[in-house]
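This report concerns only the one structure given below.
So that the names make sense, note that chain A is the first sequence line, chain B the second, and so on, each numbered from 1. On a predicted model such as this, the values are computed, not experimentally measured, just so you know.
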Amino acid sequence: MSDLLRAKLPDGSVKELPAGSTAGDVAAAIGPGLAKAAVAAVVDGETVDLVRPLEGEVELRILTERDPDALPVLRHSAAHVLATAVRTLRPGAGIGFGPAIDEGFYYDFEVEKPFTPEELERFQSEMERVVAEDQPFRRRRVTKEEARELFADDALKLERLEEFGADEVITVYENGPFLDLCRGPHVPSTGRLSNFTLLSTAGAYWRGDERRQMLQRIYGTAFFKEKDLQEHLERLEEAKKRDHRLLGKQLDLYSTDARVGPGLVLWHPKGATVRMEIENFERELILRHGYELVYTPHVVSERLFEISGHLENFAENMFGAMDVEGGRYRPKPMNCPGHIAIYQAHQHSYRDLPIRMAEFGTVYRYERSGVLHGMLRVRGFTQDDAHVFCTRGQVSDEIVRLLDLVHEMLTTFGYPYTVELATKPEKALGSDEDWDDAEAMLADTLRARGVPYEVDEGGGAFYGPKLDFKLIDAIGRKWQGPTVQLDFNLPERFGLEFVGEDNERHRPLMLHRVLVGSMERFVGGLVEHYAGAFPVWLAPEQVRVLPISEQWEESARSLVADLKGAGIRAALHGRDTLSARIRDAELHKVPYMAVVGEREAQAGTVAVRRRGAGRKQVIMDRPEFREQILEEIRSRALDPEFQRNEEG
RNA sequence: GCUGGCGUAGCUCAACUGGUAGAGCAGCUGAUUUGUAAUCAGCAGGUUGGGGGUUCGAGUCCCUUCGCCAGCUCCA
């Protein structure tokens with residue numbers, strides 16, 4: 001044991017202090033400014049408090065407010081302050097866990113009466129009081145025995161405590177009246193918190209287990225800088241304004257109806273137009289990429305799902321069976337068995353492979369009522385589903401083709417994206433070797449292509465590993481995008497075959513892939529991405545023609561006819577004042593307003609006002625206007641703020 | 001499914017502790033003929049999500065059921 005602390009800093013220099021010195025001491029030794037700005041430290045890769053005594057040779061980095069790694073420390077401390085406040089105002093409250101999360105923090109409490117929104121405000125005020133007291137966070141190592149005594153009245157903490165191994169370090173943190181079993185680290189004192197807010201309250205199962213009791217969770221968020229907190233709250237506001245349920249109503253795109261059934265979507269004409277354009281685009285795209293289109297029935301004999309294994313692995317998500325002449329039928333939850341049946345309609349030679357079969361297939365899945373959410377989580381949805389039947393040797397090529405396809409598709413909508421490789425889940429079919437093999441195939445192809453990716457452990461489908469593409473929308477949120485799943489299981493279950501070069505029978509592999517995934521979810525996501533302002537090619541109404549007065553309606557009518565004749569979705573809006581009609585068009589987010597008055601009618605021109613551009617208008621010849629819009633549609637141009645990023 | 005909250009006109013929302021359901025927008029009709037984000041007037045619109053109960057009286061209180069919302073759990 002050394003009596004010295006040798007701290008190696010990121011710049012390579014070394015600070016020597018007496019053993020037992022803390023990261024805070026190191027910061028002070030470097031400079032008073034840093035000592036003041038320090039929040040926590042990273043010692044040998046582990047984030048620790050400034051007050052933790054250190055010794056020996058360590059690599060040390062001081063975290064300041066500017067460091068992204070410091071934010072979770074602050075938020076975790078905020079969770080403790082919240083618990084401090086709750087314990088003061090609700091003395092008997094049991095405490096569960098209170099971690100920092102991506103967007104903030106939460107703390108779970110066991111209470112007789114759930115929290116009310118008014119109570120949140122009182123907690124917030126009490127937290128402010130705790131912060132004003134500037135209580136230091138004190139860390140203490142304790143034995144299991146000591147901990148048992150300290151938390152004698154905290155059943156939840158005791159339960160957690162018993163999971164500690166004999167030689168694990170157990171620590172508690174104390175600030176003012178509050179003591180928590182906690183690994184830390186924390187900011188030096190509660191006074192470091194200034195910009196925090198409590199956001200919501202909701203039930204949450206203890207330990208995330210729906211068989212256990214439900215606790216009351218309080219969510220909040222915290223930042224070092226007031227500006228960051230304000231921006232975060234503004235982002236939440238912005239997200240609210242973009243909510244696809246709200247915009248879907250305002251723009252008359254889609255709805256659901258309790259009489260039709262929850263989670264079953266009604267596509268109104270305008271929403272259907274958007275969907276149709278997406279489908280047309282995708283159809284064109286995949287035909288170009290070597291796919292063939294198929295159709296399969298919505299209701300299928302249950303026998304098919306016995307073979308596929310869906311009944312065994314997916315039954316809790318399937319609609320119930322219906323009896324038809326003694327046979328049991330099910331609405332299909334997936335399209336793959338149907339496509340396989342098409343594959344098996346005749347024999348295949350290796351020369352036929354790969355076979356790429358695509359369908360906009362509507363599937364029905366039973367989702368528990370509490371999970372339904374607008375268009376994003378529904379019970380009936382249409383997948384742009386495709387299955388590639390190929391040999392093992394062709395997989396790599398097929399993945400490469402898919403990467404290209406996905407790229408073209410996502411950049412068209414103006415989505416940057418990231419890639420994740422999802423590996424074997426707990427509940428899975430097939431041998432470990434097959435899984436390892438398949439995961440390696442996907443990873444190798446990605447690496448060969450130079451596509452960066454992250455690994456999602458255990459996130460695969462039950463029949464094979466998958467590549468998940470995550471879209472990043474206009475306000476930086478991630479969405480589930482295309483997925484590609486490798487499947488060696490269904491070919492086995494169905495006994496798929498092809499005749500090889502050697503005249504022997506071989507088993508093909510299958511790739512399942514979707515691009516938009518669910519049409520419903522994708523359109524819902526697009527609405528939020530574009531904030532309802534669709535690019536011209538997708539806009540349900542592309543041009544609204546506005547005569548200045550009734551006198552020019554005839555001229556306006558001929559413009560509408562001309563545009564419609566060219567396949568442009570144009571509509572005439574007469575009556576009312578021009579201002580009122582402009583306002584209406586803006587509110588409906590029609591991309592072009594075409595004004596026709598005396599000057600335009602006589603010159604054969606049109607005054608073109610672009611959505612969101614205010615009074616800036618351009619006078620154009622009518623054919624020129626028509627051709628410009630046609631070109632915009634043809635190229636599927638995006639509004640400037642969504643310009644395609646060809647780097648992906 | 002679970003915890004909590006919410007369901008009033010097509011939409012957004014009012015209606016004190018139980019005492020005659022109301023407004024704006026949208027719609028319809030008429031007037032106005034308008035040059036770039038709301039012209040004026042009139043009319044119509046409701047078994048207050050459904051069912052049951054308490055009460056002289058229920059939008060309001062209770063029970064039940066359906067749906068929606070925030071999360072949890074689960075997922076495209």
Side-chain angles (χ1 to χ4, degrees), chain A residues 106 108 111 113-117 119 199-219 243 245-246 249-250 252 255-263 314 316-317 333-335 361 363 365-385 425 459 461 466 468 479-483 485 512 514-522 524-525 546-553 574-588 593-600 607-617 619:
Chain A
Y106 65 79
D108 287 343
V111 286
K113 276 195 314 202
F115 303 123
T116 63
E119 225 175 344
L199 293 168
S200 61
T201 167
Y205 298 111
W206 169 233
R207 319 245 35 195
D209 185 338
E210 61 182 315
R211 290 165 304 194
R212 309 288 307 260
Q213 72 267 43
M214 185 159 270
L215 308 180
Q216 293 301 315
R217 175 171 298 180
I218 296 175
Y219 283 96
D243 191 312
R245 292 165 299 188
L246 184 76
K249 204 180 268 180
Q250 283 171 4
D252 194 19
S255 65
T256 56
D257 183 322
R259 295 167 307 173
V260 175
F314 205 71
E316 69 271 24
N317 283 302
M334 292 185 185
N335 300 301
V363 297
R365 298 184 187 175
Y366 165 67
E367 300 282 358
R368 299 204 288 177
S369 58
V371 308
L372 299 176
H373 182 91
M375 300 283 276
L376 305 185
R377 193 76 183 272
V378 295
R379 286 184 176 154
F381 58 98
T382 300
Q383 289 184 310
D384 58 336
D385 209 356
K466 59 179 181 174
D468 273 324
W479 296 75
Q480 174 66 48
T483 73
Q485 306 178 350
H512 306 245
V514 294
L515 297 181
V516 307
S518 144
M519 224 58 204
E520 283 71 8
R521 176 178 286 184
F522 189 76
L546 308 171
I548 294 283
S549 73
E550 237 170 75
Q551 213 181 333
W552 315 110
E553 250 189 57
R575 296 191 299 269
D576 289 324
T577 58
L578 182 62
S579 285
R581 286 176 286 149
I582 297 253
R583 178 181 148 84
D584 190 66
E586 289 281 1
L587 290 177
H588 286 89
M593 283 151 272
V595 179
V596 176
E598 183 175 10
R599 296 194 293 271
E600 292 79 13
V608 178
R609 173 175 162 140
R610 178 82 214 203
R611 165 182 68 201
R615 280 165 176 263
K616 271 181 278 175
Q617 67 168 4
I619 308 294

In whole angstrom, give me the gap between the [atom1] atoms of [N] and [M].
N       : M       : atom1 : answer
rA15(B) : rG7(B)  : P     : 11 Å
rU60(B) : rU8(B)  : C1'   : 11 Å
rA31(B) : rG49(B) : C1'   : 40 Å
rG53(B) : rG57(B) : C1'   : 15 Å
rG18(B) : rG59(B) : C1'   : 10 Å
rA44(B) : rA23(B) : P     : 12 Å
rC6(B)  : rC13(B) : P     : 15 Å
rG19(B) : rU29(B) : C1'   : 37 Å

Does [X] come within less than 4.0 Å of [Y], counting only side-chain N to carboxylate O?
X       : Y       : result
R575(A) : E553(A) : no
R379(A) : E520(A) : no
R207(A) : D209(A) : no
R377(A) : E367(A) : yes
D108(A) : R217(A) : yes

Using whole Å, report how far [atom1] of [X] lies from [atom2] of [N].
X       : N       : atom1 : atom2 : result
R212(A) : rC2(B)  : CZ    : C1'   : 15 Å
Q213(A) : rG4(B)  : CD    : P     : 14 Å
H512(A) : rC75(B) : NE2   : P     : 17 Å
R377(A) : rG1(B)  : CZ    : P     : 13 Å
K249(A) : rA26(B) : NZ    : C1'   : 14 Å
D584(A) : rC25(B) : CG    : P     : 14 Å
L372(A) : rC74(B) : CG    : P     : 16 Å
H373(A) : rC75(B) : NE2   : C1'   : 13 Å

Between the base of [N] and the side chain of [X], is one N or O donor paired with an acceptor at under 3.5 angstrom?
X       : N       : result
R575(A) : rU33(B) : no
E210(A) : rU73(B) : no
R615(A) : rU36(B) : no
Y366(A) : rG1(B)  : no
R368(A) : rC75(B) : no
Q551(A) : rU33(B) : no
E367(A) : rG1(B)  : no

Side chain of [X] - closest among [options]:
X       : options                   : answer
R583(A) : rG35(B), rC75(B), rA37(B) : rA37(B)
V378(A) : rA76(B), rG35(B), rU3(B)  : rA76(B)
R245(A) : rA70(B), rG67(B), rU3(B)  : rA70(B)
S518(A) : rU36(B), rA76(B), rA70(B) : rA76(B)
E598(A) : rG35(B), rU33(B), rU39(B) : rG35(B)
R365(A) : rA37(B), rA76(B), rG35(B) : rA76(B)
P262(A) : rC72(B), rG67(B), rU33(B) : rG67(B)
M214(A) : rG71(B), rU34(B), rC74(B) : rG71(B)
L578(A) : rU34(B), rA76(B), rA70(B) : rU34(B)

Value rounded to 0.5 Å, distance of CZ in R365(A) from CZ in F314(A) |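 R365(A) atom CZ to F314(A) atom CZ measures 4.0 Å (nearest 0.5 Å).
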Phosphate OP1/OP2 of rU39(B) contacted by T577(A) side-chain N/O (<4.0 Å) =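 Affirmative; the distance criterion is met.
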side-chain N/O R207(A) vs rC72(B) OP1/OP2, d < 4.0 Å |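 No, outside the criterion.
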Partner nucleotide of rC74(B) by Watson-Crick or wobble geometry (both distances under 3.5 Å) =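 Checking every strand shown, rC74(B) finds no partner, since no pair has both distances under 3.5 Å.
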Report yes if some heavy atom in the side chain of V596(A) is under 4.5 Å from a heavy atom in the side chain of I548(A); otherwise report no.
->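 No, their side chains stay 4.5 Å or more apart.
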Look at all strands and tell whether G208(A) reaches a base, only sugar-phosphate, or nothing, counting heavy atoms closer than 4.0 Å.
->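 Result for G208(A) = sugar-phosphate.
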Can you tell me if D384(A) uses its side chain to pair, donor with acceptor, with the backbone of L515(A) under 3.5 Å?
->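 Checking the backbone N and O of L515(A) against the side chain of D384(A), a donor-acceptor pair under 3.5 Å is found.
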